[in-house]
Amino acid sequence: MYHILIIEDEEGLAEFLELELKYEGYEVDVAYDGRQGLELALKQDYHVILLDLMLLGLNGVEVCRRVRHVKDTPIIMLTARDSVMDRVMGLDSGADDYVVKPFAIEELLARIRVILRRQEKKETRPLVLTFKDLELDVESRVLKRGTDMIELTNKEFELLSMFMKNINRVLTREVLLDQVWGYDSVIETNVVDVYVRYLRNKLNAEDKEQYIQTVRGVGYVMRE
């Protein structure tokens with residue numbers, strides 16, 4: 001059974017979500033403030049966390065960041081704030097998705113199902129990742145473009161594998177820095193831009209399209 005954590009300080013909404021999710025067959029825990037929610041998120045393993053942005057005690061962005069320091073539990077941010085900057089802030093903190101209140105419960109349930117399917121695919125992901133004419137052998141750490149071998153440094157390999165494991169998903173510089181260099185790293189986020197440039201130079205011949213696309217103001221994506 002899938003286990004979902006709701007961190008929401010609007011008790012009426014939290015209770016409604018709990019009832020709907022239990023009706024759908026999920027096991028559900030509820031926290032009504034940020035600190036309690038963070039404690040539960042770190043203590044137990046959940047398949048999805050529904051996290052309100054504006055929380056008492058500890059706001060959703062900070063909860064998300066602290067969870068991301070130690071876990072990769074999928075997080076859907078819930079918020080009444082719909083500005084681009086608010087969405088970017090939520091995603092930059094490590095959220096996987098963003099739903100604006102008021103929302104239809106059917107939409108939220110659909111987003112949960114998408115994340116759960118994505119997690120199932122990750123668990124059965126092949127040892128060889130492919131994208132267009134690229135083939136990355138995760139075990140031997142060998143990259144091929146067609147019949148050509150391309151040598152990668154360790155960081156280039158880790159960065160490229162992050163992109164190839166998240167096709168069509170925009171990855172922020174902060175997420176890439178955290179996942180490739182580590183949360184305790186003192187390296188600035190512009191090192192991500194430097195290594196993306198290194199990868200592009202190795203991947204892209206003059207007659208090739210760019211494999212890694214820039215999403216201005218957000219990060220990078222490998223998009224089919």
Side-chain angles (χ1 to χ4, degrees), residues 1-122 166 168-175 178-179 215-219 221 223:
M1 180 182 293
Y2 293 114
H3 199 178
I4 296 178
L5 172 63
I6 301 168
I7 307 176
E8 169 62 65
D9 60 3
E10 292 181 42
E11 292 192 16
L13 177 57
E15 290 172 0
F16 169 73
L17 291 175
E18 181 182 12
L19 287 173
E20 290 290 334
L21 290 170
K22 285 183 174 179
Y23 180 78
E24 294 293 321
Y26 298 113
E27 184 177 352
V28 183
D29 289 338
V30 181
Y32 296 102
D33 65 66
R35 295 192 183 281
Q36 181 193 15
L38 177 62
E39 182 179 349
L40 284 173
L42 296 180
K43 182 189 301 182
Q44 300 188 45
D45 290 328
Y46 293 96
H47 293 93
V48 180
I49 296 174
L50 303 181
L51 176 61
D52 185 28
L53 180 62
M54 304 299 293
L55 287 167
L56 298 174
L58 202 63
N59 67 43
V61 169
E62 187 59 28
V63 172
C64 189
R65 285 176 178 160
R66 295 191 188 186
V67 170
R68 280 289 169 267
H69 283 179
V70 292
K71 290 190 173 185
D72 59 359
T73 310
I75 295 173
I76 300 177
M77 197 78 81
L78 309 177
T79 179
R81 300 167 66 174
D82 189 27
S83 74
V84 172
M85 286 309 299
D86 286 326
R87 291 199 298 271
V88 170
M89 181 173 61
L91 294 171
D92 278 352
S93 68
D96 296 86
D97 204 350
Y98 194 104
V99 179
V100 178
K101 301 175 185 177
F103 50 81
I105 186 62
E106 292 80 8
E107 178 187 2
L108 179 61
L109 291 172
R111 290 175 184 254
I112 291 172
R113 289 193 295 270
V114 167
I115 282 181
L116 292 175
R117 285 198 299 270
R118 188 186 302 156
Q119 291 301 108
E120 288 174 358
K121 287 181 180 179
K122 284 182 179 179
N166 293 277
N168 296 323
R169 179 184 174 191
V170 178
L171 300 174
T172 67
R173 290 171 177 82
E174 289 77 11
V175 167
D178 288 339
Q179 294 297 315
V215 180
R216 190 175 299 277
V218 182
V221 63
R223 185 171 282 136

*asked:* I need the single residue from L50, V48, I49, I115 that forms a side-chain contact (heavy atoms from CB on, under 4.5 Å) with I75. Which is it?
replied: I49
If I take atom [atom1] from residue [X] and atom [atom2] from residue [Y], how far apart are they, to the nearest 0.5 angstrom?
{"X": "D96", "Y": "C64", "atom1": "CG", "atom2": "SG", "value": "8.0 Å"}
{"X": "I76", "Y": "L78", "atom1": "CD1", "atom2": "CG", "value": "7.5 Å"}
{"X": "L51", "Y": "D97", "atom1": "CG", "atom2": "CG", "value": "12.5 Å"}
{"X": "L5", "Y": "T73", "atom1": "CG", "atom2": "OG1", "value": "9.0 Å"}
{"X": "R111", "Y": "Y98", "atom1": "CZ", "atom2": "OH", "value": "11.5 Å"}
{"X": "I7", "Y": "M77", "atom1": "CD1", "atom2": "CE", "value": "10.0 Å"}

*Would a 4.5 Å heavy-atom cut-off, applied to side chains only, mark L108 and E20 as touching?*
no
*Can you find a pair of side-chain heavy atoms, one from I105 and one from F16, that are under 4.5 Å apart?*
yes
Can you see which heavy atom on [X] is nearest to which on [Y], and at what distance?
{"X": "R68", "Y": "K71", "value": "NH1-O, 3.2 Å"}
{"X": "R169", "Y": "V221", "value": "O-CG2, 3.5 Å"}
{"X": "Y46", "Y": "L40", "value": "CE1-O, 3.4 Å"}
{"X": "L58", "Y": "L55", "value": "O-CB, 3.3 Å"}
{"X": "A14", "Y": "I6", "value": "O-CD1, 4.0 Å"}
{"X": "D52", "Y": "K101", "value": "OD1-NZ, 3.1 Å"}

Could you list the donor-acceptor pairs under 3.5 angstrom formed between side-chain atoms of residues 30-38 and any protein atom two or more places apart in sequence or on another chain?
unit_1, atom_1, unit_2, atom_2, d
D33, OD1, R35, N, 3.1
D33, OD1, Q36, N, 2.8
Q36, OE1, Y32, N, 3.2

_N59 vs L53, side chain to side chain contact (heavy atoms under 4.5 Å, CB included): CA-CA, chis, key distance, verdict_ = CA-CA 6 Å; N59 67 43; L53 180 62; 5.8 Å; no
*So, D45 and H3: side-chain donor and acceptor under 3.5 Å apart, yes or no?*
no
_Working note: L42 + V70, criterion side chain to side chain contact (heavy atoms under 4.5 Å, CB included); need CA distance, chi angles, decisive distance, verdict._
CA-CA 8 Å; L42 296 180; V70 292; 3.3 Å; yes
*Indicate yes or no for a side-chain donor-acceptor contact from E24 to the backbone of Y26 under 3.5 Å, with no hydrogens or angles considered.*
no
_Q44, CD: over 12 other non-hydrogen atoms inside 6.0 angstrom_ = yes
